[in-house]
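Beneath this line is the structure, given in structure tokens, with notes to follow.
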Amino acid sequence: MPETIEAIFKKHGRTSDELIPILQDVQKEFGYIAQESLKKISRYLKLSENLVFGVASFYTQFRFTEPGKHAVKVCLGTACHVRGGSTLLDTLERGLGISCGETTEDRRFDLERVACLGCCALSPVVQIDRDIYSRMSVNRLTELLKKYE
Amino acid sequence: MNKLDKEITLAKKKWASFQDNKEPIIYIGAASCGRAAGALDLRTRINDFIEEKKVKATIIEVGCIGPCYLEPLIDIKMPGQPRVSYNNVNAKTLSIILKSHLINGVAHAKLALGHFGKKGFEGIPQFYELPMLKPQVRVVLRNCGLIDPEDIDQYLAVDGYQGFIKAITTMTPDDVIGVVRQAGLRGRGGAGFPTHKKWAVCRNSPGDQKYLICNADEGDPGAFMNRSLIESDPHAVLEGMLIAGYAIGASKGIVYIRAEYPLAIERLKFAIKQMKDCGLLGKNILRSDFSFDIRIKEGAGAFVCGEETALIGSIEGKRGMPKSRPPFPAISGLFGAPTIINNVETMGTLPNILRNGAEWYTKFGKEGNRGTKTFSLVGKIRRPGLIEVQLGTSLREIIFDIGGGVQKNFKAIQTGGPSGGCLSEEFLDLAVDYESLAAAGSIMGSGGLIVMDEDTCIVDLAKYFLDFTQKESCGKCVPCRVGTRHMVEILERITHGEGNPEDLLALRTLGDTIKKGALCGLGQTAPNPVLTTLRYFRNEYLEHINNHRCRATVCKELIEYRVIKEKCTGCQSCVRVCPTGAITGPRSEPHNLDLTKCIKCRSCYEICRFDAIAGDAIVIQTGEKKS
Ligand SMILES: Cc1cc2nc3c(=O)[nH]c(=O)nc-3n(C[C@H](O)[C@H](O)[C@H](O)COP(=O)(O)O)c2cc1C
Ligand code: FES
């Protein structure tokens, strides 16, 4: 049972520096920032909706559409890049039939890129939901995805 | 006796009995790197094993000890014996190790990596004598992998918080600033600005409310020193914050940490709670006048927020856009109050300086570049991982002695991440210090070292970095926003084989303009990767332009896959993995590759190389060499 947005508000004050922490909590709870949530946040903090959206859209962390079931993130940090990270992304784009930043039609997978997961010594790295898979190769990744189908 | 004294006495006792353990201890390297390599799965297996065999053993999760390429690392310490480390453990070797060492009490010399302590076992080297470890020094990383990061008692037992206690009970804030000055500590976040200088400015700025921010944004993609330190020894960073807070007169501390580091955030939260329980946070700490609290703020994914003024904006709930300075944050920062921002490693160094004194610290490094620096050594290196060396160590020692050399032939090393430069072979004997790196056109940065071999395309790398900074540009100033986009466009043309010789001059001119005109450090340093590669690897650019050749066979438009008929045994492995049906052919006969269908996805190349019978029957080719 997800928390209501009002319950999230209770944990935060009404000063504008609470904006990003509130957005983060909302996204953690609901998976994304819905139009309706933006409205409620702007009312709670007494900030214009434009401003709230302006801040939220500045940061890559926030998404405004409902996420798919599994979040697939390909690391494109430098260590992963020099060890073939972008080839892995190509593989996924082709395999899932979507571009980076999109969700598959059956809503099973989201595909995103990240700038470094901090496991550079074990690159290239792919994260699926909370699990990090290291020393990936194109063929291992193709096999791995099947587990999530 | 106050709460803390009691805790310390207790901690020392606990630690002594831990060292002199009566039942076996199993250590699991469970920082993010260990976890990514499968440490948690091993933990479950160890639990099952212990239960099944009904043996008593203590299992603790420790942080990262450095050689990440050997993860997962599992260590066993039997009563009365030294701790032995096992590397690259998998389900199969785990059960061999447990049977041999835990049940039969015999360390498995073949699978072991090294042992700790002086006297050890026949056939097992000393851990710190291993080639990767021997040239290193451990100041900041002294506890990493050795203590349980979730147990403040273990930190206390190894003289944790002694630096802070010494400061607060025997020194004035000005004394503390003086010691940091004598130690010669320079900020480890990138610029190497003398820490005592900005502290003094902040201390002398008027204001009742001052802030101390620990910058754990670690924006350099491909660097993980800060993550590792927080995950492995969070109290060291927090103790540093207490010391800094006391010195500048702040009552509020904030750790600004990137959201991509969930484990580090968890460990920090846990550690802060333990500090509170011991009376190390709150009002009148240890009955002094000093009151201090620490909060955590999660970043929201923007590289530019590592820059001080953007970071402050982000904490205030705004878009993370840099402001022009002055005023400097030390005078007017968070919510207009005097604010000091220091990097995680700077914080992690402070307890050591305070505990052991400035003179001790100046034994490391050299004049003007005192102390040690942690680096994440990654890329095409044989022994990737987290290392710590004295400032002034040469690149050659780092790459070859510690890193074990390069997989193929060495081509280049990038220091300083996207803001840094790419150095060629002729710089291998360069001393790694702030000034030498700057003179070579690069920077120290926060400590990311990316090693490249002949399989890395320099032009592609330059494009990669520029593309990164271009995407991360906050868009506020024109040189950065528009200039970097132009540079990316040119680089894209070149990697597509559509460049012309004038492009190189255009890149240089644009680069120089952005460097001079950009508002903040992001833009001012963004052209560095291109400018240095133009200087040191000009030929590779020219080959792309004139010969449509990418000698590293990276740039997709300039390469072709081909089956070598004489080598191919027709095993059909590649036929199975090819996603477009470009490879065909009956079993046992050399296969055909239809170039019009090939999308250069690498699947066939990898499978042939690693799994197929022939091996290397599929090659990647590029344009002709200049005759
Ligand atoms: C674009 C940009 C990104 C930065 N990213 C970081 C970072 O991730 N971590 C960090 O400590 N400093 C970063 N810095 C440097 C900080 O602005 C600041 O100088 C540093 O945190 C000061 O700490 P120090 O004095 O301990 O080095 C960045 C600077 C710029 C211009
Ligand atoms: S570059 Fe991919 S984990 Fe750091």
Side-chain angles (χ1 to χ4, degrees), chain A residues 15-24 27-28 45 47 51-52 54-62 73 75-88 90-91 94-95 113-123 125-127 130-135 137-142, chain B residues 32-33 35-37 67-69 71 218-224 227-228 259-262 264 297-303 314-321 335 376-380 384-386 414 417-418 448 450 452 456 461 464-465 468 472 474 577 579 599 601-603 606-607 610-611:
Chain A
T15 45
S16 57
D17 60 318
E18 293 290 345
L19 173 56
I20 294 171
I22 290 177
L23 286 166
Q24 285 170 330
Q27 173 140 323
K28 258 183 208 149
L45 291 178
L47 298 169
L51 191 141
V52 172
V55 170
S57 59
F58 179 85
Y59 296 99
T60 50
Q61 186 187 20
F62 300 116
K73 295 180 182 166
C75 179
L76 293 184
T78 320
C80 290
H81 176 79
V82 301
R83 282 178 173 268
S86 37
T87 315
L88 294 180
D90 289 347
T91 307
R94 197 181 54 244
R113 50 187 287 169
V114 291
C116 178
L117 292 164
C119 302
C120 325
L122 303 167
S123 61
V125 174
V126 173
Q127 181 175 19
R130 285 187 67 101
D131 295 321
I132 293 181
Y133 297 94
S134 55
R135 300 179 180 126
S137 72
V138 172
N139 296 313
R140 275 187 60 207
L141 184 58
T142 313
Chain B
S32 288
C33 41
R35 291 180 181 212
C68 308
Y69 76 110
E71 298 281 4
E218 194 148 72
D220 173 358
F224 57 90
R227 164 189 75 67
S228 228
E260 287 86 347
Y261 289 174
K297 278 270 182 184
E298 278 182 44
F303 173 64
S314 165
I315 296 181
E316 289 171 347
K318 301 179 193 144
R319 292 160 167 237
M321 297 230 194
F335 304 117
S376 59
L377 182 60
V378 295
K380 303 291 183 67
L386 173 69
Q414 172 88 12
I450 315 263
M452 287 156 267
T456 314
L461 184 85
Y464 164 82
F465 280 123
F468 176 83
E472 293 293 337
C474 75
V577 295
I599 53 166
C601 72
R602 233 182 141 81
S603 310
E606 269 181 15
I607 205 121
F610 300 110
D611 303 308

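All chains are named by letter (A, B, ...) in the order of the sequence lines, taking the proteins before the strands, and each is independently numbered beginning at 1.
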For each of B:Gly385, B:Pro579, B:Pro262, B:Gly219, tally heavy-atom pairs with chain A at distances under 4.5 Å, and name the one with the top tally. B:Pro579
Aromatic rings B:Phe468 and B:Phe303: how do their planes relate, parallel, tilted or perpendicular, breaks at 30° and 60°? perpendicular
Return the option, out of A:Lys73, A:Gln24, A:Gln127, with the maximum number of heavy-atom pairs under 4.5 Å with chain B. A:Gln24
Bottom line for B:Lys380: the part with an atom under 4.5 Å from chain A's heavy atoms is both
What residue, out of B:Lys318, B:Met452, B:Glu71, has the most heavy-atom pairs lying under 4.5 Å from chain A? B:Lys318
Answer key: most heavy-atom pairs under 4.5 Å with chain A among B:Ala264, B:Gly299, B:Ser376 is B:Gly299
Taking every heavy atom of A:Gln61 against every heavy atom of A:Gln27, the minimum-distance pair comes out as O-NE2, 2.7 Å
Chain B contact via A:Arg140 - which portion, at a heavy-atom distance below 4.5 Å: neither
Pick from A:Leu23, A:Thr87, A:Thr60 with the largest number of heavy-atom pairs that fall under 4.5 Å of chain B: A:Thr60
Which bit of B:Ile450 comes within less than 4.5 Å of chain A, counting heavy atoms only: side chain, backbone, both or neither? side chain
Correct closest heavy-atom pair for A:Cys120 and B:Phe224 would be SG-CD2, 3.4 Å
Against chain A, label B:Glu298 side chain, backbone, both or neither, depending on which of its atoms sit under 4.5 Å from a heavy atom there. both
Tell me the closest heavy-atom pair linking B:Pro221 and A:Ala115, and the distance in Å. CB-O, 2.8 Å
Intermediate values then yes/no, side chain to side chain contact (heavy atoms under 4.5 Å, CB included), A:Leu45 and A:Ser16: CA-CA 6 Å; A:Leu45 291 178; A:Ser16 57; 5.9 Å; no
Any idea which heavy atoms bring B:Glu606 and A:Ser137 closest together, and the distance? OE1-CB, 3.2 Å
What part of A:Asn139 is in contact with chain B, defined as an atom under 4.5 angstrom from a non-hydrogen atom: side chain, backbone, both or neither? both
Among A:Phe58, A:Phe62, A:Tyr133, the residue with the most heavy-atom pairs under 4.5 Å to chain B is A:Phe58
Would you mind telling me which of B:Cys68, B:Gly301, B:Ala300, B:Gly222 has the largest number of heavy-atom pairs within less than 4.5 Å of chain A? B:Ala300
Please check this pair: side chain of B:Arg227 against backbone of A:Gly118, looking for a donor-acceptor N/O pair closer than 3.5 Å. yes
So which atom in B:Gly448 and which in B:Ala223 form the shortest heavy-atom distance, rounded to 0.1 Å? CA-CB, 3.9 Å
With a 4.5 Å cut-off on heavy-atom pairs, point out which of A:Thr15, A:Thr91, A:Val82, A:Val125 contacts chain B the most. A:Val82
Are any side-chain N or O atoms of B:Arg319 and backbone N or O atoms of B:Ser314, one a donor and one an acceptor, separated by less than 3.5 Å? no
Residue from B:Gly320, B:Ser228, B:Cys474, B:Cys601 scoring the most non-hydrogen pairs under 4.5 Å with chain A is B:Gly320
How close do B:Ala37 and A:Leu122 get, counting heavy atoms only, and between which atoms? CB-CD1, 4.1 Å
Side chain, backbone, both or neither: which part of B:Ile599 has a non-hydrogen atom closer than 4.5 Å to chain A? side chain
Determine the option with the most heavy-atom pairs under 4.5 angstrom with chain B, choosing from A:Val138, A:Ile20, A:Thr78, A:Ile132. A:Thr78
